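For reference, the structure is listed below as structure tokens.
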There are 2 protein chains.
Amino acid sequence: MRTEPPTRRTQAARREATCAKVLGATIECLAELGYFGTSIAAICERAGVSQGALFRHYPTRRDVIVAAAEAIGRHHLESFAAADLDLRRDGYRRFVELIRGICRSPTHAAWREIMIAARTDDGLREAASAGLGRFEAAILELCARSLGLGEAAAQPAAVILLSVMHMFDSEAVTVVVYGNAAIEARRIEWATGMLERELGVLGN
Amino acid sequence: MRTEPPTRRTQAARREATCAKVLGATIECLAELGYFGTSIAAICERAGVSQGALFRHYPTRRDVIVAAAEAIGRHHLESFAAADLDLRRDGYRRFVELIRGICRSPTHAAWREIMIAARTDDGLREAASAGLGRFEAAILELCARSLGLGEAAAQPAAVILLSVMHMFDSEAVTVVVYGNAAIEARRIEWATGMLERELGVLGN
DNA sequence: TAAGATAGAAAGTGCCCGCTTTCTATCTTG
DNA sequence: CAAGATAGAAAGCGGGCACTTTCTATCTTA
């Protein structure tokens, strides 16, 4: 399995394969090494691809990052679709655990690294905001679907659910830097109850 | 005012003056250029100080960042002390606006840049976590003082208030990258009401 | 006030970065 | 199957980075 026999593959397939390896490695690097540490060399080493190969498919480092943001955005959409959550059927505990799990995942760490970099990098921001926004879009869609409301009527709920997402997104960073297990345990309890109280009213 | 006459200053005063200039410039750079863009050259240019001068006082770039984190932590503590907030007297709207304002401030942006970098930089994390944690400490202290409860009894309130802080911390990034004014306006309203409902119970 | 210590400026130094160049291997198409 | 196109490897290149060295100016102290 080390060097597979020279299987005959179409050019498109070869291209897609190395692009996938590059994007996967980029997401891993962002999660483990941060935006700063995600160098072309680090990406290529992890992907098992030469730098020349990478630059054949992506003209600049920024384009690699932007493509990774797109991939992460799609991944987030799929995660929510796969969870197939119905807030009224499942209750809010599952939602809270789902959001917290996603926020603490490596993929989301990569998403966050790009978000933070985009704040101070105008070009990256313009190029990547669509892909990054898909995480927000995923939750908005979840609201409409899960509550069986139109987009306008779902907005009050969306504000609340997005706020919970922001809460766990920011918490996930502090967990690593100066974790406070007692507070985190209380938070997940409180968030569940709070959603029941705040969204229960809307559910009528 | 361009080149002030060679006023006679003690060595300690000169030292303190350039250190202050360096730390101020570092915080500005972190806020405007991000962690990546906060190079020694950028810091020194903004501070009006040579690189040799900087390295006389801080052995490495990391030490500059750590010192900046300490300064930001102290600044956050002072911000909360200066606000002199009493939740029961002032109501929750002022708290929500205070937190949102702080989270959107340049100083807090610098804090966040260091937090994010600390996630993937072990040495930075160990050296800076104490300073960074002062933001959390400031809110915890606010809880105990503002609600007139002991530390143990204040913890349920602390969980809620810290959660609101996390919410606006994460929101502040998305505001820059793909702002959604409608949701942000609703969020500040909702957060105020939610705190009244959730903390009103505890207040008894 | 002389001698040593500290602060600061200016010009390096080596390294790693994103990216390019060059060349070979594999695939497509007439 | 020949000829051109595409994919990929390997080495190289300029530039910016953190940090050092060297030298001068200012302060401290005996």
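Note: hydrogens, waters and symmetry copies are ignored here, and every other heavy atom, side chains too, is used. Source: prediction; values computed, not measured. Note on naming: letters A, B, ... go to the chains in the order of the sequence lines (proteins, then strands), and numbering restarts at 1 for each one.
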Requested in this report: Can you sort out the partners of A137(A) under side-chain contact (heavy atoms from CB on, under 4.5 Å), two or more places apart, ordered by chain and number?
Outcome: none
Query raised in the report: For DNA chain D, what residues of residues 121-130 of chain A have any heavy atom nearer than 4.0 Å?
Result: none
Report summary line: For residues 27-50 of chain B, the salt bridge (charged side-chain N to carboxylate O under 4.0 Å, His left out) pairs (sequence neighbours left out) are E28(B)-R46(B), E32(B)-R46(B)
**Report entry** Results of side-chain contact (heavy atoms from CB on, under 4.5 Å) for R62(B) - residues two or more places apart only
**Finding:** T60(B), V66(B), D121(B), L124(B)
Query raised in the report: Where the side chain of R197(B) meets the backbone of M194(A), is there a donor-acceptor pair that is under 3.5 Å apart?
Result: no
Query raised in the report: To the nearest 0.5 Å, what is the distance between OG (S129(B)) and CE (M115(B))?
Result: 9.5 Å
**Report entry** Contacts of type side chain to side chain donor-acceptor pair (under 3.5 Å), residue E113(B), not counting sequence neighbours
**Finding:** R119(A)
Query raised in the report: Looking at E196(A) and R93(A), does any basic side-chain N land under 4.0 Å from a carboxylate oxygen?
Result: no
Requested in this report: Quick one, give me the B/S/- string for nucleotides 8-21 of chain D, reading 5' to 3', where B means a protein heavy atom under 4.0 Å from the base and S means that only happens at the primed atoms, P, OP1 or OP2.
Outcome: BBB------SSBB-
Requested in this report: Could you tell me whether a side-chain N or O of R145(A) sits under 3.5 Å from a main-chain N or O of A81(A), the two making a donor and an acceptor?
Outcome: no
Query - I43(A) CD1 to dC16(C) C1', straight-line distance once rounded to whole Å - result: 15 Å
Report task. To the nearest Å, give me how far apart CD (E16(A)) and P (dA7(D)) are. Result -> 12 Å
